[in-house]
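Right, one structure below, let's go through it.
If you're wondering where the values come from, they're calculated on a predicted model, not measured in any experiment. Atoms within each ligand, like the ligands themselves, are counted from 1 in listed order. Hydrogens, waters and symmetry mates are skipped; everything else that's a heavy atom, side chains included, is used.
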Amino acid sequence: MTALVTGATSGIGEACAERLVADGGRVVAVGRRTDRLAALADRLGPALQPMALDVTDRPEVERLLGALPAVDLLVNSAGMALGLEPAPRASIDDWDRMIETNCRALVFVTRLLLPGMIARGRGHVVNIGSVAGSYPYPGGNVYGATKAFVRQFSLAIRSDLLGTPVRVTDVEPGMVETEFSVVRFAGDRARAGKVYEGMQPLSAADIADVVAWCASRPPHVNVNTVEVMPVQQAFGPFAVSRTAG
Ligand code: NDP
Ligand code: 8X3
């Protein structure tokens, strides 16, 4: 089994790479930070092939993925939230980067790998969506919308792939302690740490466990969507404004 894991230099993608190698697979690990990729390769040995790549660089994505050997499992984990500002004050550049990474890059990478999977009669795409794609929260505006896109794209390509053995799954986590909040808050580790203070978030390994479970079902089983939260996270009531306007 050969997997391509994007976002493998940190968090959920890194944990997926570790888990898939531990389970006996080979992993092509994609990320921009070459020092992280080198450390991962040192740690996981020859089963891990590092691939320094910015998934938003479409010509590079086409060049490098076009030269790949057969990929059986694609885990699209590269992604981010940037900022938590309400829409009228949010950075348009941040919005642009989220859309570019979480949506455009994800669909291009997927599109490039699907024909090979179909031709070989074997393949599985696991996208890392988010509960933010189903449940809106203040400041989650474009981030949540990108994850709703990932959810719908995942379901939609299931329709397109009917009649082929290729499987598609959207794994939608709640709070997972990774570098996610550090990135969201532009490197402010103190603010990021507060997100998980006083509660037990999911770990990246918890999500890797879900991904590994989805990927190891018998070939006739497609897990469409998995939503998973920490026990200490749930839903809020509708917000109601009682001021005029
Ligand atoms: P991390 O910040 O720890 O990891 C993000 C990964 O994405 C890094 O490896 C980063 O690598 C990679 N990445 C970002 N941009 C690019 C790019 N342009 N090209 C290649 N790689 C890129 O966060 P998580 O592991 O938590 O996030 C992984 C996914 O999980 C994201 O899609 C996120 O939205 C989703 N998610 C996270 C949740 C959480 O609470 N943590 C909950 C729900 C979903 P590098 O910088 O080296 O390129
Ligand atoms: C990350 C989960 O709730 O921080 O996608 O948006 S949340």
Side-chain angles (χ1 to χ4, degrees), residues 4-18 28-40 50-58 60-61 64-65 75-84 94 96-106 108-109 126-151 153-154 170-187 189 191-192 194-196 199-208 210-211 225-230 232-236:
L4 182 108
V5 180
T6 71
T9 53
S10 173
I12 294 169
E14 182 178 8
C16 287
E18 281 170 353
V28 180
V30 171
R32 294 167 300 181
R33 285 170 288 182
T34 49
D35 54 335
R36 296 282 188 99
L37 288 173
L40 196 61
M51 180 184 277
L53 174 63
D54 179 339
V55 291
T56 67
D57 182 344
R58 190 169 157 193
E60 269 301 278
V61 167
L64 289 175
L65 299 197
V75 181
N76 277 314
S77 189
M80 81 277 279
L82 298 173
L84 198 57
D94 284 352
D96 198 28
R97 272 186 62 208
M98 286 188 277
I99 293 166
E100 189 178 31
T101 310
N102 301 358
C103 301
R104 293 182 64 212
L106 180 143
F108 293 154
V109 168
V126 178
N127 292 325
I128 307 298
S130 169
V131 294
S134 300
Y135 310 102
Y137 58 83
N141 40 63
V142 166
Y143 176 67
T146 65
K147 293 301 182 175
F149 176 97
V150 170
R151 177 186 177 82
F153 178 67
S154 306
D170 192 30
V171 175
E172 303 174 355
M175 297 165 78
V176 188
E177 190 163 11
T178 61
E179 292 176 7
F180 176 84
S181 292
V182 176
V183 171
R184 168 170 251 171
F185 299 130
R189 288 185 180 274
R191 189 175 175 196
K194 285 201 189 335
V195 173
Y196 311 105
M199 58 87 67
Q200 185 175 1
L202 298 171
S203 68
D206 292 327
I207 303 306
V210 172
V211 170
T225 309
V226 183
E227 185 182 294
V228 51
M229 277 182 171
Q232 287 180 280
Q233 181 183 23
F235 323 97

(request) Using distance alone, determine whether V55 and ligand 1 share an N or O pair under 3.5 Å. (result) yes

(message) Evaluate D54 for polar contact with ligand 1, using N/O atom pairs at a separation under 3.5 Å.
(response) yes

(message) Against ligand 2, does Y135 come closer than 4.0 Å with any heavy atom?
(response) no

Identify the protein heavy atom lying closest to [atom], giving its residue, its atom name and the separation to 0.1 Å.
| atom | answer |
| --- | --- |
| atom 31 (C) of ligand 1 | S77 O, 3.2 Å |
| atom 10 (C) of ligand 1 | T9 OG1, 3.7 Å |
| atom 12 (C) of ligand 1 | G7 CA, 3.5 Å |
| atom 20 (C) of ligand 1 | L53 O, 3.4 Å |
| atom 22 (C) of ligand 1 | A78 CB, 3.7 Å |
| atom 30 (O) of ligand 1 | I128 CG2, 3.3 Å |

(request) Run down the list V5, T178, D35, V171 and name the one with the heavy atom closest to atom 24 (P) of ligand 1. (result) T178

Within-shell test, [X] vs ligand 1, heavy atom, strictly < 4.0 Å:
| X | answer |
| --- | --- |
| A15 | no |
| T6 | no |
| G174 | yes |

(request) Report the part of K147 (side chain from C-beta onward, or backbone N, CA, C, O) that has a heavy atom under 4.0 Å from ligand 1; answer both or neither where that applies. (result) side chain

(request) Would you mind telling me if ligand 1 is within reach of the side chain of M175, the backbone, both or neither, using heavy atoms under 4.0 Å? (result) backbone

(message) Let's go through T56 and R104 carefully: what are the C-alpha distance in whole Å and the side-chain angles of both, what is the deciding distance for side chain to side chain contact (heavy atoms under 4.5 Å, CB included) to 0.1 Å, and is it a yes or a no?
(response) CA-CA 8 Å; T56 67; R104 293 182 64 212; over 6 Å; no

